[in-house]
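As the structure is a computational prediction, the values presented were derived from the model and not from experiment.
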Amino acid sequence: MNNTTKAADRTADAFGPDVQETSSQHPAMRLLLTNEFGLIALILVFAVLFTLLNPGFVSKFSLFAMGRTAAVNIMIGFSMMVVIITGGLNLSVGSIGVCAAMAAGWLMQSLGLPWYLSLVGGLGVGGALGALNGIVIVRSGLHSFIITLASMSIFFGVMIFLTHAGSFREIAPEVVAPGRMKFFGVISPLLLITFVVAGLLSVLFRFTATGRQMLAVGASPQAAELSGIRVQRMTVWCHALSGVLAGVAGLMLVSRTGAAIPSMAGQLGQDWLLPAFLGPVLGGTLLTGGRASVLGTLLGAFLVTMLTTGLLLLQIAAFWVQTYLGLLLLVAVLMDLLRRSYLARKKLV
Amino acid sequence: MSDVVFQTKGLCKRFPGVMALDDVAMDLKKGSIHALLGENGAGKSTLIKIVTGIHKPDGGTLFLDGAPLVLHGPRDAIAKGIGVVHQERNLIPRFSISENMFLEKLDSHPLKRIDYQELHRQARHWLEMLGLDADPAIPVEKLSVARMQLVEIAKALALKSHVLLLDEPTASLTPHETDNLFAVLNRLRDDGVSMIFVSHKLEEVQEICDRVTVLRDGKNACESQPMEGLGRQDIVKLMIGRSEQIPNWQARDRTGNPPVLELKNITTAIGHRAVDLSVHKGEIVGLYGLVGAGRTELAKSILGKYLVTAGEVLVDQHIAAISNVADAVGRYKIGYVSEDRKTEGLVLMHSVLENVGMTVWQRLAKGVAFLTNRAIRTQTLPFINKLEVKAPSLDQLVGNLSGGNQQKVSVAKWLAAGVKILIVDEPSVGIDIKTKTYLHELIRELSDEGTAILLITSDMPEMITLADRIVVMNDYRVMGELANCREYSAMSQGIMNLIHEAVEVDMSPVQATP
Ligand SMILES: Nc1ncnc2c1ncn2[C@@H]1O[C@H](COP(=O)(O)OP(=O)(O)OP(=O)(O)O)[C@@H](O)[C@H]1O
Ligand SMILES: [Mg+2]
């Protein structure tokens, strides 16, 4: 096992124990380079802009509502992110999220299970559906685009059939409470849940073998396989995790609205698709896989939420908001490109 | 003076954290093969990439036929008659050999139908010249690394450029294919073509080059000197600042140790027949053969990537059912250093630390809750340091390292893995002579600690330095084996005899191993 012995003693220390932190570049410039920095700047700029245009933007209620919506959007972004890192995508996030929410509602209302068991059940359904996606993808060898496009319809259709398109409105007060509660008048507990999940995801990708293996699989399946990593299993895990996270987002919506409603994410859960992609893409998660930014996704989804809130507050029609969000996606991607090429020219990359 | 075809003056190129080229000069004469030498990361490939318009220099000038040359991209260079074989493969895997070879020419008439018969015919001409017997219509991804390299060379030759830059063209070739290539290069030289030849195999350089430029840390250690009068040790001194150390190890016999890996009469789905092989504890068994002998494929069959259809694989004298690579690595502790670092060995978009750590994550994470960079560093740093991986930091993306340094990372990751059986496939491709010695020491130490090592290499001196026993393969069969007496000429003669016997009695049953 221990073969780091003799060779070690004779080596000159080319990399001392803490070279890792030191870099030849100016740390400040490195910071400028990061996607996260760009997002924080944008968030600040828009925050000032909206406040100037309408001071109501920073009212306690507005901030509270924004945080609560952001909590859900960020979670949806995470759900997509963990699949994007494998180089795939998951179009059925919305569908799975609704299924998980409906399952929890059914367990609570029809089976009368305690609220916590119902929530676990809902998340279990989310995870199982995600895993199912993953299994079909690795077994068939087809691209996740096709499989999840199909499963989006199938999951949703079966759910409608089972529930007769009816809602579950007898949601336990313990579940509904966090959707209404405010800490210090502005912070929604849902946002805190999101932060906890973000923390857990960061730990996963940074400090666990599984998380690192997921990234390696996404970046180069061949190299990962020959390093002894179980490529297929990791892919299935990623999809299962995506399902669980979609489930969390669905349950958050239940908490907010006090009911599990089949249409809560639109037809086939499609309303979730734009936020699902906006968060990770703005946050710098590579669509080809292999790299993830939890903080970036969080900031990206927050920016999107803030823009939506701000524009609606300015009484801009909802369809324009959609248009602006689409534009934002383009502008952000272009800005990122410009920033990178500028810094590359200055020899800072 | 008039016979100088190409020249660089004061060339500079900076990458973040490294000055890759610093005031570099060289000139290339008509009808000359000019060696460009230097350690890994010295700046050779960077120079070549500037001359072919891939990188823009930060300073300095290029001259072609006496006139200053400004390149706006790779196509520009081709148009000016500068052809290149890059160190890294640049073929499109799904395209056929001939499509790859004539990619630049295919789009010259957008609407004209491509005459594939003609294309294949032309391709075959160049392939035959290099002694590569392959159907130009098959996709490149079906070829072994060495054959891809030959296709890459054929592609450059087909451009009929008058300046030809060859960046480690022989890295994955055996002496046999190299001889073919050299015959072609000599003919080109006689026709007046000027060539730059990069290689870490000094015997090749001495054989074919007439002038030499050596780079050290991006600077000229010598500029366009005639090769005449320069001995191997002189060149080595220019490159690394001191003379070469070749380990002189005694012959060992480890066949008395218990066998760790045994193949008994193996047949595989990809064509191996009746393969017998054993590697004992602490033994280094060399596997030699010409390109296409099926050595890499045998390694991958052991790993469970290709199906073993008959016969037995034994690990520690128990029958091993290996159905996938993860089993081989996780359960049976078999590691494999791939010959193809770019696609199989490394994750180019990840950092050095992430790459070397890949094989130890699982082990480090066991029991301990968190996997920290510190733990990974402790585990892998000795190997990174010993192999002198040259990188601004461990966070540098592997894709940004020089070719040789990438190779070091690809090897280091398995040296750190703590496996029981290690299969090393062409471990020193692209590694400079200084580090090669260190690498050999590491492999030898590993075997002294009990690791069973199966060494696949086309580098005969490396084989003779390292192996305890040499098994010769040809055409997916084992032709015989020799104990290594560490006498170069005797060994290479013996190996070649086994191969040639094989070729002569091609269809007859497998020879019994002595
Ligand atoms: N794209 C890049 N980004 C950052 N650094 C680079 C890049 N390309 C090369 N370098 C650095 O420039 C230096 C010179 O690299 P180069 O590839 O020219 O070396 P080389 O002499 O060809 O070495 P080798 O023998 O290993 O092929 C190295 O330190 C390398 O890390
Ligand atoms: Mg190079």
Counting heavy-atom pairs under 4.5 Å with chain A, which one of Thr359(B), Val329(B), Val325(B), Ile334(B) comes out on top?
Val325(B)

Which atom pair, heavy atoms only, marks the closest approach of Ser220(A) to Leu346(B)?
OG-O, 4.1 Å

Proximity breakdown for Ile376(B) and chain A, heavy-atom pairs closer than 4.5 Å
side chain

Quick check on the interface: out of Lys300(B), Lys305(B), Gln396(B), who has the most heavy-atom pairs with chain A under 4.5 Å?
Lys305(B)

Pick one of side chain, backbone, both or neither for Lys342(B), based on which atoms fall under 4.5 Å of a heavy atom in chain A.
neither

Short question: side chain of His350(B), backbone of Arg291(A) - any donor-acceptor pair under 3.5 Å?
no

Non-hydrogen atoms of chain B under 4.5 Å away: do they reach the side chain of Val231(A), the backbone, both or neither?
neither

Flag if over 12 foreign heavy atoms under 6.0 Å of CG, Asp316(B)
yes

Rounded to the nearest 0.5 Å, what's the gap from CE on Met358(B) to CG on Leu226(A)? Could you check?
9.5 Å

Taking atom CZ as the centre, does Arg242(B) end up with more than 12 heavy-atom neighbours from other residues, nucleotides or ligands that are less than 6.0 angstrom away?
yes

Which portion of Arg233(A) sits near chain B, non-hydrogen atoms under 4.5 angstrom
neither

Listed by chain and number, what are the side-chain hydrogen bond (donor to acceptor under 3.5 Å, both in side chains) partners of Thr46(B), not counting sequence neighbours?
none

Among Ala209(A), Ala224(A), Pro221(A), Gly211(A), which residue has the highest count of heavy-atom pairs closer than 4.5 Å to chain B?
Ala209(A)

Gln362(B) vs Ile229(A) side-chain heavy atoms within contact, under 4.5 Å
no

Heavy-atom check, side chain of Glu225(A) versus side chain of Glu344(B), under 4.5 Å:
no

With a 4.5 angstrom heavy-atom cut-off, which part of Lys420(B) approaches chain A: side chain, backbone, both or neither?
neither

Quick one: does any side-chain atom of Arg206(A) pair with a main-chain N or O of Thr372(B) as donor and acceptor, under 3.5 Å?
no

Which region of Asn324(B), side chain (C-beta onward) or backbone (N, CA, C, O), has a non-hydrogen atom less than 4.5 Å from a non-hydrogen atom of chain A, or is it both or neither?
side chain

Where Gly345(B) and Ala223(A) come nearest, the two heavy atoms and their spacing
C-CB, 4.3 Å

What part of Leu303(B) gets closer than 4.5 Å to chain A, counting heavy atoms only: side chain, backbone, both or neither?
side chain

For the atom pair OG (Ser227(A)) and OH (Tyr336(B)), what is the distance rounded to the nearest 0.5 Å?
12.0 Å

Quick check for you: to the nearest 0.5 Å, what is the distance between Thr210(A) atom OG1 and Leu371(B) atom CG?
9.5 Å

Could you have a look at Arg230(A), Gln213(A), Arg212(A) and say which one has the most heavy-atom pairs with chain B under 4.5 angstrom?
Arg212(A)

Give the C-alpha distance, both sets of side-chain angles, the deciding distance and a yes or no for side-chain contact (heavy atoms from CB on, under 4.5 Å) between Thr288(A) and Met349(B).
CA-CA 11 Å; Thr288(A) 43; Met349(B) 62 180 281; 5.7 Å; no

Side-chain contact, heavy-atom cut-off 4.5 Å: Thr208(A) with Trp361(B)?
no

